[in-house]
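Notes follow once the structure below has been shown.
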Amino acid sequence: MDFYLLYHEKKVFVNLFLKKDEFFAISLFKRRILCYNKDKTKKGGEGMKTKLRHPTFLALHGVAVLGALLMPLYMKVSTYLGKILGGCLMHRFFIYCPLCGGTRAIAALLRFDFVAALKYNAFVVLMCFVILALDVWAWVRYFQKKEPLIVLPQWVWITGCSVLVTYFILRNVLMIFWGIDPTGDLVPFWDAMRTLKG
């Protein structure tokens with residue numbers, strides 16, 4: 001038996017010749033088997049269709065909803081563990097990591113308190129809205145039965161990493177030298193340091 005590649009209706013298929021005048025095309029994207037004649041005309045109906053498209057995509061939304069419902073419990077547990085473990089390791093050096101305040105920012109977003117969310121962590125708020133936009137786009141493509149659901153070009157990842165690093169540097173520089181700390185966790189230390197130097 002020989003394997004071939006066929007481009008049919010802009011979809012890539014793996015073709016397995018079973019007889020002299022027939023072959024089955026296995027769709028890599030739509031997860032179904034189509035029977036074609038050798039002249040690439042469809043012989044019969046579609047078979048072996050999956051009943052549920054992208055189960056992982058749907059399951060992730062179930063997890064997200066469950067996480068939103070459990071957020072109050074998570075906040076209590078994380079606060080308790082933070083007191084025991086000392087919080088973020090970066091706090092021991094009296095600086096913020098890029099995600100410090102992210103949990104409180106998400107909790108504020110769930111309460112629709114956007115001002116408080118931005119104070120806790122503007123980068124996490126930005127990422128939440130980007131993820132929401134991508135999710136809406138994915139749902140549109142899901143119902144239109146288009147593949148793949150999400151395509152992120154390389155420049156998106158580069159831009160995201162650049163914004164992350166910039167935010168990390170900017171929030172700490174503003175806090176250390178000018179006392180601007182919307183999160184409010186570490187500014188007392190740096191205020192005291194500036195007072196001692198002054």
Side-chain angles (χ1 to χ4, degrees), residues 54-143 148-197:
H54 298 285
T56 304
F57 174 71
L58 300 177
L60 286 175
H61 286 80
V63 172
V65 172
L66 180 62
L69 294 175
L70 295 177
M71 180 59 72
L73 176 62
Y74 173 76
M75 289 294 295
K76 293 181 179 180
V77 173
S78 62
T79 301
Y80 176 74
L81 292 178
K83 292 179 180 178
I84 297 176
L85 302 176
C88 178
L89 293 176
M90 299 290 283
H91 284 196
R92 299 181 182 181
F93 302 98
F94 299 100
I95 60 175
Y96 290 115
C97 79
L99 301 180
C100 278
T103 302
R104 286 173 286 177
I106 294 175
L109 286 176
L110 293 175
R111 300 192 305 267
F112 299 102
D113 190 349
F114 300 107
V115 175
L118 288 171
K119 288 182 178 179
Y120 287 130
N121 194 304
F123 176 79
V124 169
V125 174
L126 175 63
M127 287 299 99
C128 285
F129 282 107
V130 170
I131 292 172
L132 179 62
L134 291 174
D135 189 54
V136 171
W137 179 33
W139 276 110
V140 171
R141 292 180 64 84
Y142 179 85
F143 287 114
L149 295 182
I150 296 178
V151 178
L152 295 179
Q154 187 177 13
W155 68 266
V156 173
W157 297 103
I158 295 175
T159 302
C161 292
S162 300
V163 173
L164 178 67
V165 173
T166 302
Y167 180 71
F168 166 66
I169 296 173
L170 187 61
R171 76 185 305 195
N172 286 295
V173 168
L174 290 175
M175 176 184 64
I176 293 171
F177 294 101
W178 289 282
I180 301 175
D181 179 17
T183 306
D185 294 340
L186 301 177
V187 70
F189 171 81
W190 292 106
D191 284 344
M193 293 294 292
R194 282 190 299 273
T195 301
L196 291 175
K197 290 181 179 180

Exercise for review: Show your working on side chain to side chain contact (heavy atoms under 4.5 Å, CB included) between V173 and W178 and close with a plain yes or no.
Suggested key: CA-CA 8 Å; V173 168; W178 289 282; 3.7 Å; yes
Exercise for review: Compare every heavy atom of I150 with every heavy atom of L152, then report the nearest pair and how far apart it is.
Suggested key: CG-CG2, 3.9 Å
Review point. Looking only at atom types and distance, does a side-chain atom of W137 sit under 3.5 Å from a main-chain N or O of L149, one as donor and one as acceptor?
Key: no
Exercise for review: Name all pairs fulfilling the side chain to side chain donor-acceptor pair (under 3.5 Å) condition that reach into residues 57-77, sequence neighbours left out, sorted by first residue then second.
Suggested key: H61-D135, H61-W139
Review point. Got a sec, which residues hit side-chain contact (heavy atoms from CB on, under 4.5 Å) with T166, two or more places apart in sequence or on another chain?
Key: none
Check your understanding: With distance as the sole test, does Y96 use its side chain to make a donor-acceptor pair with the main-chain N or O of L186 at under 3.5 Å?
Key -> yes
Exercise for review: Give a yes or no on whether F189 atom CZ has more than 12 heavy-atom contacts from other residues, nucleotides or ligands under 6.0 Å away.
Suggested key: yes
Review point. Who pairs with I158 by side-chain contact (heavy atoms from CB on, under 4.5 Å), at least two apart in sequence or on another chain?
Key: Q154, S162
Exercise for review: Could you grab the distance from atom CD1 of I95 to atom CG of L89, nearest 0.5 Å is fine?
Suggested key: 11.0 Å
Review point. Does T103 have any side chain to side chain donor-acceptor pair (under 3.5 Å) partners at least two apart in sequence or in another chain, and if so, which?
Key: none
**Study point:** Gap separating the CG atom of L170 from the CD1 atom of I180, nearest 0.5 angstrom
**Key:** 9.0 Å
Check your understanding: Say you draw a straight line from CG of D181 to CH2 of W190; how long is it, rounded to the nearest 0.5 Å?
Key -> 11.5 Å
Practice item. Working to the nearest 0.5 Å, report the span between CE of M175 and CZ of F177. Key: 10.5 Å
Check your understanding: Partners of W155 by side-chain contact (heavy atoms from CB on, under 4.5 Å), sequence neighbours excluded?
Key -> P153, T159
**Study point:** Donor-acceptor side-chain pairing of R171 and T183 below 3.5 angstrom
**Key:** yes
Side-chain atoms of residues 106-131: list all donor-acceptor pairs with protein atoms under 3.5 Å, sequence neighbours left out, distances to 0.1 Å.
| unit_1 | atom_1 | unit_2 | atom_2 | d |
| --- | --- | --- | --- | --- |
| D113 | OD1 | A116 | N | 3.3 |
| N121 | OD1 | F123 | N | 3.0 |
| N121 | OD1 | V124 | N | 2.9 |
| N121 | ND2 | P98 | O | 2.9 |
| N121 | ND2 | C100 | O | 2.8 |

Review point. Is there side-chain contact between D185 and R104, with at least one heavy-atom pair below 4.5 Å?
Key: yes
